Every structure is written in structure tokens, then in C-alpha cells.
Amino acid sequence: MTLQDHESWGRIDNRVRPGISPDDYEDRLGSLEAEGYLPFGNGRSYGDSCHNDRGTLIESNLHGRILAFDPGTGMMTCEAGVTLRQVLERAIEHRFFLPVTPGTAFVTVGGAVANDVHGKNHHARGTFGNHVTRFTLLRSTGERLTCSPVENPELYAATIGGMGLTGLILTVDIRLMKVPSPHVQQHAIRFENLDQYFALVDGVDAEHEYSVAWIDQLAKGSRMGRGVLLAGDHADGSCELPDIPKGLKLSVPFSPPFNLLNQATLKGFNEYYFRKVKPGETVTTVPWTSYFYPLDAIGAWNRLYGPRGLYQHQSVYPAENAPEITAKLMETARQAGHASFLTILKRFGDIGSRGILSFPRPGFTLTLDFANQGERTVKLLDALDRIVVEAGGAINPYKDARMSPQVFEKSFPFWRKIETLRDPALVSNFWKRTALALPE
Ligand SMILES: Cc1cc2nc3c(=O)[nH]c(=O)nc-3n(C[C@H](O)[C@H](O)[C@H](O)COP(=O)(O)OP(=O)(O)OC[C@H]3O[C@@H](n4cnc5c(N)ncnc54)[C@H](O)[C@@H]3O)c2cc1C
């Protein structure tokens, strides 16, 4: 057994947690303790969905080999612990790219399947699971099941977005996307307030593969919701940037004793970021690393929040009342004296997810990052939850560390289906805190 910290990204509860390799887990099959385990990828989930504090984590990232790649079709088979960065490093020279990618490449393929992650092109390609043709799943009975839309389809649908509860994913087959260049022709469109954003977004999404907006959550009055829409498409083949750009990788070496990302530093940063972009639309070609993964350039940036960590609140709500709900969420945070360091707004399209418990659904998704200030912050997050569920929306479970069982049930009314298919050897802190705390 190894002892590592196995932190999740929010670092709210960063106690040391025990882990074992997938091989050691397999050796124990037949004598596994009920609810004694949970697969763990790279800990890029923000809260407690990747932890099982009464048990042992299975370190899926120790199995990180690409097993096959066909540069003709873009089909890749890999072990679940391969990171998205490794996938890209292999595929890019053949002009293939991930069809869906979250905002960090330090995520494992197993973690991306288990959370059915989404990216800046949800409106065009759906979620990660939409591109997973097959995977093998190890159940604690010792069975190794091939799961696809036609083989074990129930477990396929329960495992995509199933947060690691249905078994240990061993290998994944994924269809990559052919692109003329990995780099991106970026359209940076500045908007002066939320109304302008909502007037722009449908047209921009219809024209571009990628689209996501950064918002200045602290701006008030007529500037409320000002920001920058970053739309993009893969650049054409004549783009001359190097395939794997070499950049200085900075890293935060230790956690400072207090939160460096406070209201004062953020105000200055927001003003600078907004003014950096010229009014109107600016078109440039940017390296894939900076378009998709700007935060990966600073290792362990989550430590800047200090020892108490951060909460991320990601919600989705229907498009009909999205302008009012978005304004209400940001205003509620501002009035509670909380500044969100990174505020991201995006439209989810209507391509259905394959997973029973997948988070994305048609509507708008707002992501807010808050330094943990204890009870004050939890109170604010509860207030944000109420606004979202009253609007018929949902809260993202793999960004969460505190939502109530009732909010979870309203967000995921079909959760009981996962419970019937859950592997009895596996459970997470999140599942115990929400689903299993609900009356039978
Ligand atoms: C900077 C940053 C940006 C992000 N941007 C986005 C974004 O744009 N969109 C988005 O959707 N998410 C985003 N995320 C969240 C992140 O993509 C997901 O939480 C992702 O699933 C984490 O994967 P991981 O490999 O780190 O797995 P972990 O966080 O360690 O685990 C995630 C889940 O996968 C399960 N799991 C892991 N491996 C296996 C396996 N082999 N078999 C079965 N289950 C397994 C775990 O039990 C757990 O439930 C972001 C996170 C960060 C830190």
C-alpha cells in the first residue's frame, strides 16, 4: 500500500488518503470489503466525488499506456490512466485532436469517462462519452465486461458520468477528431454587459466549433456581466506554430498561509483582462495549449487560495430564463461579499449525453470559483443552489463538496438507477453524503 495525499482540486479537505494500484486491487478480488474502494484518476475533480474516506483509492493513473492508435481513422485504445495530454501528444502529429476536452489536460481518460466531461464545443459535439465507442469494466465479482451501446448497454450508460461507482474502467476506445491543425483561430469578442452577451451567443455558437465566455463578476450597474467571448475553430493546415509549444511552466511551490486571490487582487485583474481585449472582435491564431488549457501553464495554481482551499459552483439552467438567472447568481455572490476569481459562462447545446447521470443538458452553464471562507461561503453556495433548482436547473456533482441530498435529487432525478447498478465494493464520500442520505 502507498500513502499519498490524493487531494482533489478544491483542497477543502486535504487529509492524506491511502491508495493501491489497480494490480493490487485485482489481487484482492474475492475478498473485497463492501464499499471499501473507489477509483481515483488525477484528482482534478474539485470536491469529494473522487474520495472514499472509509476506504482505499484505486490509483487508476498508474496504468497509463496507449495500447493502439490508428492514424488513418483516429481510433485510440488506451488504459484508463492515460492523461488527455498524452493522448494529444500522440495524436497531434497525425492531425487528430480530442473531440471534447475540459479546461485541463491533466485529466485521465478514465476520469473523463466517469464524469462525462464537457468542453468549449458542447454545442457542436456533446460530451466526452459521446465519442467513447467501448470500454472494459472490472466489477468486484472479477468479471471484465466489454461495455458499448450494444454490449452491456445499461452499464455503458451508467458508467459514463457514473462517477466511478459502477466498477474500475480498465481500457477505453475513443474516436478522435480529424483537424487541419491543433491550433486555434480565436475570435475574442468583448461585450459590455450581460444583455450584449445573450444577444451575441447564439450566432457565435452557430458559426464556431468552440465558444466560451469569461465574465467580470464584480462589475456593477450598466457594466454588470461584461466580459469576453472566446470563440474559435481549428486553424488551417498552413499554421506555422510548433505542434507542441514549449512554454515556461511555472508552479506554485507551496500553499501560502492565506488566500492570495481576494477581492482587491481580483478587481485589478478583471480590469486588466477586460481592457487587454480591444472593443469589438479581434482574430488571432493561438497555440492549442493556450486556447484550451491556459491554467495548465501554472502548476498547482489551486494553492493560491491558501490552506482552506476553494469551492467551485457550476450550475446549468434552462435557456428561457438564463439572462435573469445568470444575473441573479452573480449579484447574490457580489452582495454576499464573495468575489469569484474565475467566472465562466457557456451555452450547452442539445446533443444528448449517453450517461444516465451526466451533468450537461440544454441551457446555460455558469461556473464560479470562491475562496473557502467557511460557513459564510457555504451559506452563499446554498443560496445559489436554491436559485438554480427553482429555475429547473442542476448543480455539477464533480465540482461539488457540500450540496444537500435534496438539491442532488432535484438535479439528478434518475440517480436510483445508478444505485441499482453500483458495484458493492465501491462508494464515494459524495454518494454517501447525497444519494445514500435520501430516504429509501
Ligand atoms: C483547471 C480545471 C479545469 C476543468 N475544466 C473542466 C471543463 O471544462 N469541463 C468539465 O467537464 N470538467 C472540467 N474540470 C473537471 C475535470 O475535468 C473532471 O473532474 C475530471 O473528471 C477529472 O478527472 P481525473 O482524471 O482527475 O479524475 P478524478 O478527479 O481523480 O476522478 C474523477 C471521477 O472518475 C472516477 N474514476 C477515475 N478513474 C476511473 C477509472 N479507471 N474507472 C472508473 N472510474 C474512475 C473517480 O472515481 C471519480 O468519481 C476541470 C478541472 C480543473 C482542475
Side-chain angles (χ1 to χ4, degrees), residues 1-2 4 6 8 13 15 17-45 47-63 79-81 107-117 129 132 135-147 152 154-172 355-359 397-398 400-401 405 408 412 414-438 440:
M1 183 188 289
T2 55
Q4 300 177 2
H6 299 112
S8 68
D13 176 357
R15 75 186 74 174
R17 298 177 165 91
I20 52 168
S21 72
D23 297 328
D24 288 344
Y25 177 71
E26 280 205 63
D27 287 345
R28 294 183 189 186
L29 291 173
S31 60
L32 294 173
E33 193 194 325
E35 301 192 343
Y37 298 86
L38 184 72
F40 184 87
N42 248 349
R44 258 54 182 187
S45 298
D48 57 357
S49 65
C50 57
H51 288 154
N52 176 3
D53 285 347
R54 305 274 306 271
T56 303
L57 298 172
I58 312 160
E59 296 165 338
S60 167
N61 58 352
L62 296 180
H63 280 187
E79 291 179 330
V107 155
T108 63
V109 170
V113 175
N115 282 340
D116 197 17
V117 297
V132 170
F135 52 82
T136 48
L137 189 70
L138 178 67
R139 299 278 287 180
S140 57
T141 52
E143 289 169 292
R144 282 165 186 267
L145 301 171
T146 301
C147 301
N152 298 301
E154 268 202 320
L155 272 174
Y156 176 78
T159 302
I160 292 177
M163 295 193 286
L165 298 168
T166 58
L168 178 67
I169 303 169
L170 298 175
T171 64
V172 179
I356 297 166
L357 217 60
S358 295
F359 167 69
Y398 55 88
D400 177 70
F408 171 69
F412 297 94
F414 305 117
W415 69 268
R416 284 175 205 275
K417 184 74 192 160
I418 301 296
E419 182 55 17
T420 61
L421 293 166
R422 182 163 65 87
D423 188 316
L426 309 178
V427 82
S428 64
N429 291 358
F430 174 87
W431 199 250
K432 281 193 162 169
R433 180 169 62 74
T434 57
L436 299 185
L438 285 160
E440 298 236 338

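Not measured: the values here are computed from a predicted model.
- In this structure, CD1 in Ile160 is found 11.0 Å from CG in Leu155, a value given to the nearest 0.5 Å.
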Derivation and outcome, side chain to side chain contact (heavy atoms under 4.5 Å, CB included), residues Lys432 and Val427: CA-CA 7 Å; Lys432 281 193 162 169; Val427 82; 3.9 Å; yes
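- With contacts defined as side-chain heavy-atom distances shorter than 4.5 Å, the pair Asp13/Asn429 does not qualify.
- At a threshold of 4.5 Å between non-hydrogen side-chain atoms, the residues Leu137 and Asp423 do not count as touching.
- Between Arg28 and Tyr37, some side-chain heavy-atom pair lies under the 4.5 Å cut-off.
- Between Glu59 and Pro22 the shortest heavy-atom distance is O-CD, 3.3 Å.
- Side chain of Asn42 to backbone of Arg44: no donor-acceptor contact under 3.5 angstrom is found.
- Rounding to the nearest 0.5 Å places CD1 of Ile20 at 9.0 Å from CG of Asp27.
- Contact annotation: the side chain of Met163 approaches that of Pro397 to within less than 4.5 Å [non-hydrogen atoms, C-beta and beyond].
- Rounding to the nearest 0.5 angstrom, the gap separating the CG atom in Leu436 from the CD atom in Glu35 is 6.5 Å.
- Looking at Glu143 and Asn152, their side chains never come closer than 4.5 Å, going by heavy atoms from C-beta outward.
- The two residues His51 and Leu38 have their closest heavy-atom pair at N-CD2, 3.5 Å.
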Check the pair Leu357 / Trp415 against side chain to side chain contact (heavy atoms under 4.5 Å, CB included), numbers first and verdict last. CA-CA 7 Å; Leu357 217 60; Trp415 69 268; 4.1 Å; yes
Set out, in order, the CA-CA distance, both residues' side-chain angles and the distance that settles side chain to side chain contact (heavy atoms under 4.5 Å, CB included) for Thr434 and Phe412, then state yes or no. CA-CA 11 Å; Thr434 57; Phe412 297 94; over 6 Å; no
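- Side chain of Ser8 to main chain of Gly47: a donor-acceptor pair is present (N/O by atom type, distance under 3.5 Å, no hydrogens or angles).
- Defined by atom type and a distance below 3.5 Å, a donor-acceptor pair is present between the side-chain atoms of Thr136 and Thr171.
- Note: Phe40 CZ to Ser428 OG = 12.5 Å, rounded to the nearest 0.5 Å.
- Smallest separation of non-hydrogen atoms from Leu32 and Ala425: CD1-CB, 4.1 Å.
- Ionic pairing of Glu33 and Arg54 is not present here: no N-O contact between side-chain nitrogen and carboxylate oxygen is shorter than 4.0 angstrom.
- Of the inter-residue distances, the one linking Thr159 atom OG1 with Glu154 atom CD reads 10.5 Å to the nearest 0.5 angstrom.
- Contact of the Leu426 side chain with the Asn52 side chain is not registered, since no non-hydrogen atoms from C-beta on lie closer than 4.5 Å.
- For Ile169 against Gly110, the heavy-atom pair with the smallest separation is CD1-O, 4.0 Å.
- By the 4.0 Å N-to-carboxylate-O rule, Arg422 lies close enough to Glu419 to be salt-bridged with it.
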Chi angles and distances behind the side chain to side chain contact (heavy atoms under 4.5 Å, CB included) call for Tyr25, Thr56: CA-CA 10 Å; Tyr25 177 71; Thr56 303; over 6 Å; no
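- Closest non-hydrogen pair, Asp48 versus Ala401, comes out as OD1-CA, 4.0 Å.
- Contact between Leu29 and Arg139 at its shortest, heavy atoms only, is CD2-O, 4.1 Å.
- With contacts defined as side-chain heavy-atom distances shorter than 4.5 Å, the pair Ile418/Trp431 qualifies.
- There is no side-chain donor-acceptor pair under 3.5 Å between Asn61 and Thr108.
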